[in-house]
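Below is one structure; the comments refer to it alone.
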Amino acid sequence: MSEKPADIREQRIEKLKKMRESGVNPYPNRFERKDKIADVRAAFDADKPVNVVVAGRIKSKRVMGKASFGNVEDFSGSIQFYAARDLMGEEGYNLYKTHDLGDHVGIEGETFLTQKGEMSIKVKRLVLLSKCIQPLPVVKEKDGQVFDEFSDTELKYRRRYVDLIVNQKTRRDFLLRSRIVSSIRRFLETDGFLEVETPMMHSVVSGAAAKPFITHHNTLDLELYLRIAPELYLKRLIVGGFERVFEMNRNFRNEGIDTRHNPEFTMVEIYQAYADYKDMMDLTERLFTGLAEEYFESTEIPYQGQTINLRGPWRRVRFVDAIKEVTGLDFSLIKTASEAVVAAKSVGIETDESMGIWKIADEVLGERVEKTFQNPTFLIDYPKELSPLSKSFEDNPDYVERFELFIAGREIANAFTELNDPFDQKERFEGQSQMRDKGDDEAMMVDDDYITALEYGLPPTGGLGIGIDRLVMLFVDTASIKDTILFPLLRPEV
RNA sequence: GAGGCGCUAGCUCAGUCGGUAGAGCAACUGCCUUUUAAGCAGUGGGUCCGGGGUUCGAUCCCCCGGCGCCUCACCA
């Protein structure tokens, strides 16, 4: 017996060579899988053995000389197999013994129940379908308790495929994300909404307050921005006569990364003609409670050690009232920015006059008030200054028909009655533009074509945006947005 | 961007008051035909994140850098 190289990967490459030399293809092109493992389990009858053909990854191996147990796992589930020399022949069995954890195999055999009562497949034929050269982290489990969980956060994100192979919970969480996304589509389509796709590359940064990623188109020699929001395009579609539209896709914001922010994130934006922000509140409630009932069979869901009750109707509290309740400060009575600075300072928040009254109020809200909203809370009736795309109240031009939804202290949705007066919108854009000139690089640019669109007439419209990653955070009970994004942005490895 | 914490075998982690390291699982060899965190016996495996400094000697102490996590700031 020659010296075996120490490195596991080297060892396996060595095995590959030997296999090839003896005429075994470690990467065959095709295997006729006939049964999904979950189906085999569901149809299992200890008294009626059936022949099955399954395929999957070897997840465990317990060799006892001339016989062996192991588990194969496919996407649907996992099942034990029993491989014995007497049943497979000496050659087949010896070859099987060289297979490693992580190898993809095809298995044909008969179902049976072991003495300990475990559903199993008695292997007649076992073929290697794809060799696993990399050593897999070995995660074991007993009675629901997980041992040596693959838990290195960095590796989990960088090699998500490994995380998905070995960690059941990761797999479950992303499966749930897919289902939630699918449920949202179904919910909206059932309600008559049409899914559309609008540009990801914009020449004007607008529709939200955020710094963009900048890119360049060569042939047009054009500076372009990855979209920060699809908002203005979707409203153009309402102008065009699509009365109910939504887009569920990525936005890009060139800002910090933390447990709640990833530079690319998924939003669903929903626009409905002849609706207003109150209709959007109803829609939001219906959507969230529907999801909770579908996936938790309850409107109460556990989150980070507490219970969040999604049963509607949710609390609605006015922007200024919310601040007053928590801090005692009444910004509706404040007349100047310097007064506002003093007020903010009285609750320990440093601001400066150039921000204006309402940005200062928003600071106070963000610092002191938002985290008190654990159960779903609609924060309604925002000041106009903070909402350049929302429509003012007919009887109170200083406030707009808008809400933000907070759950678990975190903003999760934003909606308003859309501003459809082209003259008012133009003024607001110009205000934004001035702030931009003063150095606010998150202020919106003027979108002249959008103004033109409004001049053709945008019907009264309600619009709503929901952060999908954050919604999923709630449902998979995680504190980090990275656990809801398959490949979150990380610095490249060196 | 600032502060704190972390980085040791493929994975999960110990450890060295400064004398170049250990466990469990995985791997390799042998035994084992109903096991299931299989078992028993044996073996191999490490630029202790990188670079510099202090020191007779650094994985450990100091400095610089990298990556990650947490908190804060900005933002959804």
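Computed over heavy atoms, backbone and side chain alike; hydrogens, waters and symmetry mates excluded. Quick note on labels: first sequence line is chain A, next is B, and so on, each numbered from 1. Note that this is a predicted model, so its numbers are computed, not measured.
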A:F319 and its side-chain contact (heavy atoms from CB on, under 4.5 Å) partner, picked from A:W358, A:F403, A:F331
A:W358

Could I get a table of every N or O pair under 3.5 Å where one atom is in the protein and the other is in nucleotides 71-74 of chain B?
{"residue": "B:rA73", "atom": "OP1", "partner": "A:E367", "partner atom": "OE1", "Å": "3.2"}
{"residue": "B:rA73", "atom": "OP1", "partner": "A:E367", "partner atom": "OE2", "Å": "2.9"}
{"residue": "B:rC74", "atom": "O2'", "partner": "A:E442", "partner atom": "OE2", "Å": "3.4"}
{"residue": "B:rC74", "atom": "N4", "partner": "A:D258", "partner atom": "OD2", "Å": "3.1"}

A:I8 atom CD1 is separated from B:rG46 atom C1', nearest whole Å, by 13 Å

Strictly by modelled atom types, are A:E264 and A:N251 linked by a side-chain donor-acceptor pair under 3.5 Å?
no

If you look at every strand shown and take non-hydrogen atoms under 4.0 Å, does A:K482 touch a base, only sugar-phosphate, or nothing?
sugar-phosphate

Say whether A:S78 and A:N71, considering side chains only, have a donor N or O and an acceptor N or O under 3.5 Å apart.
yes

When the distance from NZ of A:K97 to P of B:rU33 is rounded to whole Å, what number comes out?
10 Å

Complementary nucleotide of B:rC72, counting Watson-Crick and G-U pairs under 3.5 Å
B:rG1

Could you write nucleotides 36-42 of chain B as a row of B, S and -, 5' to 3', where a protein heavy atom under 4.0 Å of any base atom gives B, of only sugar-phosphate atoms gives S, and otherwise -?
BBB----

A:K66 NZ - B:rU33 C1' separation (whole Å):
8 Å

Rounding to a whole Å, what distance do you find between A:I165:CD1 and B:rG10:C1'?
13 Å

Pick base, sugar-phosphate or nothing for A:A209, based on heavy-atom distances below 4.0 Å to the nucleic acid.
sugar-phosphate

Would you mind reading off the distance between A:R12 atom CZ and B:rG45 atom P, rounded to a whole angstrom?
19 Å

If I take atom CD in residue A:E154 and atom C1' in nucleotide B:rC7, what distance separates them, rounded to the nearest angstrom?
9 Å

Return the value, rounded to whole Å, for the distance between atom CD of A:Q145 and atom C1' of B:rC25.
15 Å

Could you state the atom-to-atom distance from CG of A:D100 to P of B:rC28 in whole Å?
6 Å

Residues pairing under ring pair (Phe, Tyr, Trp, His ring centres under 6.0 Å) where one sits in residues 117-152 of chain A, two or more places apart or in two chains, turn out to be none

Among the nucleotides B:rU34, B:rG10, B:rC67, whichever has the atom closest to the side chain of A:V138 is B:rG10

